Amino acid sequence: MGLPNRRCPNCGDTHQDFRPLTAEERAYALTRVDRADVGTYRRCAREGCLRVQSYFNFRAGFSLPESFREAGG
C-alpha cells in the first residue's frame, strides 16, 4: 500500500501523496494543532511543498516555515 493521496491546496489544488511527519515537523505542528489531533496530520510528499494537513480534512492545514524546505526543492 502506498502513501495516502489527498488534495493539496499548495500544489495547485491537485492530488498528491502525503507522508507521515518527521519528529521535527511534528514538533512544529504541535505549535499549530492540538496534541490529540497531531497524529492525523501528514506532509505533502511533492518535492519542495511545505503543506501539512489533516488526513481527514484538507482544509485543516498550514504551510511549514521555509526552513523546512528540502534541499533541491
Side-chain angles (χ1 to χ4, degrees):
M1 186 187 283
L3 296 174
N5 191 273
R6 298 286 184 260
R7 212 168 144 180
C8 180
N10 290 22
C11 293
D13 211 25
T14 59
H15 282 256
Q16 301 295 328
D17 291 335
F18 278 77
R19 63 167 176 74
L21 300 177
T22 65
E24 187 177 40
E25 293 163 350
R26 182 182 169 89
Y28 181 82
L30 282 169
T31 69
R32 305 287 308 262
V33 299
D34 291 334
R35 180 175 292 282
D37 297 329
V38 78
T40 67
Y41 279 72
R42 304 288 185 265
R43 180 174 176 180
C44 181
R46 183 175 179 208
E47 186 176 335
C49 187
L50 297 170
R51 179 75 177 173
V52 172
Q53 66 188 36
S54 171
Y55 179 86
F56 302 105
N57 180 1
F58 78 94
R59 289 183 183 95
F62 54 90
S63 291
L64 294 168
E66 284 292 322
S67 60
F68 284 87
R69 193 172 298 276
E70 297 167 355

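All figures in this text were calculated on a predicted structure; none of them were measured in a lab.
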Discussion item. With side-chain contact (heavy atoms from CB on, under 4.5 Å) as the criterion, how do D17 and R46 come out once you've worked through the C-alpha distance, each side chain's angles and the decisive distance to 0.1 Å?
Written reply: CA-CA 7 Å; D17 291 335; R46 183 175 179 208; over 6 Å; no
Practice prompt. Grab the two heavy atoms, one from C49 and one from R69, that are nearest each other, plus how far apart they are.
Written response: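 Heavy atoms only, the tightest pair is N-NH1, 4.5 Å.
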Worksheet item: Which pair of non-hydrogen atoms, one from Q53 and one from C8, has the smallest distance, and what is that distance?
Response: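 Looking at all heavy atoms of both residues, the shortest contact is OE1-CA, 4.3 Å.
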Discussion item. Restricting to side-chain hydrogen bond (donor to acceptor under 3.5 Å, both in side chains), what partner residues turn up for R42, sequence neighbours left out?
Written reply: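 side-chain hydrogen bond (donor to acceptor under 3.5 Å, both in side chains) list for R42, sorted by chain: empty.
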Practice prompt. Could you pull out all residues at least two apart from Y55 that satisfy side-chain hydrogen bond (donor to acceptor under 3.5 Å, both in side chains)?
Written response: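 In terms of side-chain hydrogen bond (donor to acceptor under 3.5 Å, both in side chains), with neighbours along the sequence ignored, Y55 is linked to R6.
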Worksheet item: Roughly how far apart are R43 CZ and E25 CD, rounded to 0.5 Å?
Response: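 Interatomic distance, R43 CZ to E25 CD, rounded to 0.5 Å: 4.5 Å.
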Item to complete: Report the distance from atom CG of N5 to atom NE2 of H15, rounding to the nearest 0.5 Å.
Response: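 If I round to the nearest 0.5 Å, the distance is 6.5 Å.
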Fill in: Non-neighbouring partners of T14 that pass side chain to side chain contact (heavy atoms under 4.5 Å, CB included), sequence neighbours left out
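Partners of T14 under the side chain to side chain contact (heavy atoms under 4.5 Å, CB included) test: C11, Q16.
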Side-chain donor/acceptor pairs under 3.5 Å, residues 56-65, sequence neighbours excluded:
unit_1	atom_1	unit_2	atom_2	d
N57	OD1	R59	N	3.0
S63	OG	N10	ND2	2.8

Worksheet item: Taking only residues two or more places apart in sequence, or in another chain, which ones meet R7 in a salt bridge (charged side-chain N to carboxylate O under 4.0 Å, His left out)?
Response: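 Scan of R7 (salt bridge (charged side-chain N to carboxylate O under 4.0 Å, His left out), adjacent residues dropped) gives D13.
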Worksheet item: Mind checking who shares a hydrophobic cluster with F18, ILVMFWY linked at side-chain heavy-atom distances under 4.5 Å?
Response: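 None, because no other hydrophobic side chain comes under 4.5 Å of this residue.
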Practice prompt. Output every pair passing side chain to side chain donor-acceptor pair (under 3.5 Å) with a member in residues 31-41, not counting sequence neighbours, ordered by first then second residue.
Written response: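 Listed once each, the pairs would be none.
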